[in-house]
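As a basis for the values below, the full set of heavy atoms in this structure was taken, side chains included, without hydrogen atoms, waters or symmetry mates. Here the structure is a predicted model, which is why all the values come from computation and not from measurement.
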Amino acid sequence: QVQLVESGGGLVQAGGSLRLSCAASGRTFSGYAMGWFRQAPGKEREFVAAISWGGGRTGYADSVKVRFTISRDNAKNTVYLQMNSLKPEDTAVYYCAARAGSWPSGTPSDYNYWGQGTQVTVSS
């Protein structure tokens, strides 16, 4: 089992920045690729970013490329999502997820474990 706890969400004005953190406990963190997803009210959960277990491979949704950066610190069992130039359409609950194996994925059903989510609200 892997337990995931997100933090760092909040209210920010458009153009601002936030850094989300996801702390993992349980099984060896470095054995898992990690992903960030988000879900806005009335919408399906969508892929945001993912990173391989070693951190050498990353992927992003087109809507967040250049603005968001995913990273991980395996010594701290933590994955991060740096979000810059935030827009009102980035408003959502953000979830981190863990996928057994090395390769990242943009498909929610590929992930084995999920956190409880953290709210990000961007005001215009």
Side-chain angles (χ1 to χ4, degrees):
Q1 282 280 56
V2 174
Q3 292 79 41
L4 303 172
V5 179
E6 302 97 334
S7 62
L11 174 64
V12 64
Q13 288 190 332
S17 298
L18 283 174
R19 187 176 82 154
L20 304 183
S21 299
C22 174
S25 60
R27 293 194 173 189
T28 304
F29 179 67
S30 60
Y32 290 81
M34 300 295 294
W36 284 97
F37 294 79
R38 66 187 182 187
Q39 188 166 17
K43 294 188 177 181
E44 292 188 355
R45 191 167 297 190
E46 66 173 0
F47 169 69
V48 176
I51 188 167
S52 60
W53 70 268
R57 186 180 179 95
T58 59
Y60 297 90
D62 288 343
S63 59
V64 307
K65 271 180 186 176
V66 177
R67 299 188 298 124
F68 290 11
T69 303
I70 189 171
S71 62
R72 66 190 295 163
D73 185 339
N74 286 346
K76 295 182 178 180
N77 289 353
T78 302
V79 62
Y80 304 97
L81 185 68
Q82 178 67 44
M83 305 186 296
N84 299 328
S85 302
L86 283 162
K87 305 175 181 180
E89 51 264 44
D90 294 318
T91 295
V93 177
Y94 282 71
Y95 299 89
C96 73
R99 176 176 189 246
S102 61
W103 297 109
S105 170
T107 304
S109 60
D110 285 344
Y111 289 79
N112 307 99
Y113 303 101
W114 292 83
Q116 83 291 347
T118 185
Q119 176 71 47
V120 171
T121 303
V122 184
S123 63
S124 57

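Hydrophobic clustering (side-chain heavy atoms under 4.5 Å, transitive across Ile, Leu, Val, Met, Phe, Trp, Tyr) keeps Tyr95 apart from Val64. Neither Val93 nor Val79 shares a network with the other; the hydrophobic side chains, linked directly or stepwise wherever heavy atoms of I, L, V, M, F, W or Y lie under 4.5 Å apart, form separate groups for each. Connection of Phe47 to Tyr32 is not established within any shared hydrophobic cluster, with ILVMFWY side chains joined at heavy-atom distances below 4.5 Å, either directly or through further cluster members. Cluster annotation: Val48 is not connected to Trp114 through the hydrophobic network of ILVMFWY side chains, with a link wherever side-chain heavy atoms come within less than 4.5 Å.
Shown here are the side chain to side chain contact (heavy atoms under 4.5 Å, CB included) partners of Ser123, two or more places apart in sequence or in another chain: Leu11, Gln13. Looking at residues two or more places apart in sequence or on another chain, you find a side chain to side chain contact (heavy atoms under 4.5 Å, CB included) between Val120 and Leu18, Leu20, Met83, Tyr94, Val122. Applying the side chain to side chain contact (heavy atoms under 4.5 Å, CB included) rule to Gln1 yields the partners Gln3, Tyr113; only residues at least two apart in sequence or on another chain are considered. The ring pair (Phe, Tyr, Trp, His ring centres under 6.0 Å) search around Tyr111 returns Phe37, not counting sequence neighbours. For Asp110, the side-chain hydrogen bond (donor to acceptor under 3.5 Å, both in side chains) partners two or more places apart in sequence, or in a different chain, are Ser105. Partners of Ser71 under the side chain to side chain contact (heavy atoms under 4.5 Å, CB included) rule, at least two apart in sequence or in another chain, are Tyr80. With sequence neighbours left out, Gln119 forms a side-chain hydrogen bond (donor to acceptor under 3.5 Å, both in side chains) with Thr121.
Nearest approach of Ala14 to Ser124, heavy atoms of both residues: CB-CA, 4.4 Å. Minimum interatomic distance between Leu81 and Ala49 (heavy atoms only, all atoms of both residues): CD1-CB, 4.1 Å. The heavy-atom pair separating Ala98 from Leu4 by the smallest distance is N-CD1, 3.7 Å.
Screening residues 41-60 for salt bridge (Lys or Arg N to Asp or Glu O under 4.0 Å) gives Arg38-Glu46 as the qualifying pairs, with residues at least two apart or on separate chains. Sorted by first and then second residue, the disulfide (SG to SG under 2.5 Å) pairs with a member in residues 79-124 read Cys22-Cys96; sequence neighbours excluded. The list of salt bridge (Lys or Arg N to Asp or Glu O under 4.0 Å) pairs with a residue in residues 8-24, not counting sequence neighbours, is empty. Within the structure, every pair that satisfies the salt bridge (Lys or Arg N to Asp or Glu O under 4.0 Å) test and touches residues 67-81, not counting sequence neighbours, is listed here: Arg67-Asp90.
Residue Val66 shares its hydrophobic cluster (ILVMFWY side chains chained together at separations under 4.5 Å) with no other residue.
Expressed to the nearest 0.5 Å, how far CG of Asn74 lies from CH2 of Trp53 amounts to 7.5 Å.
Contact of the Gln82 side chain with the Ser17 side chain is registered, since non-hydrogen atoms from C-beta on lie closer than 4.5 Å.
A distance-only check finds a donor-acceptor pair linking the side chain of Glu6 to the backbone of Gln116 [under 3.5 Å].
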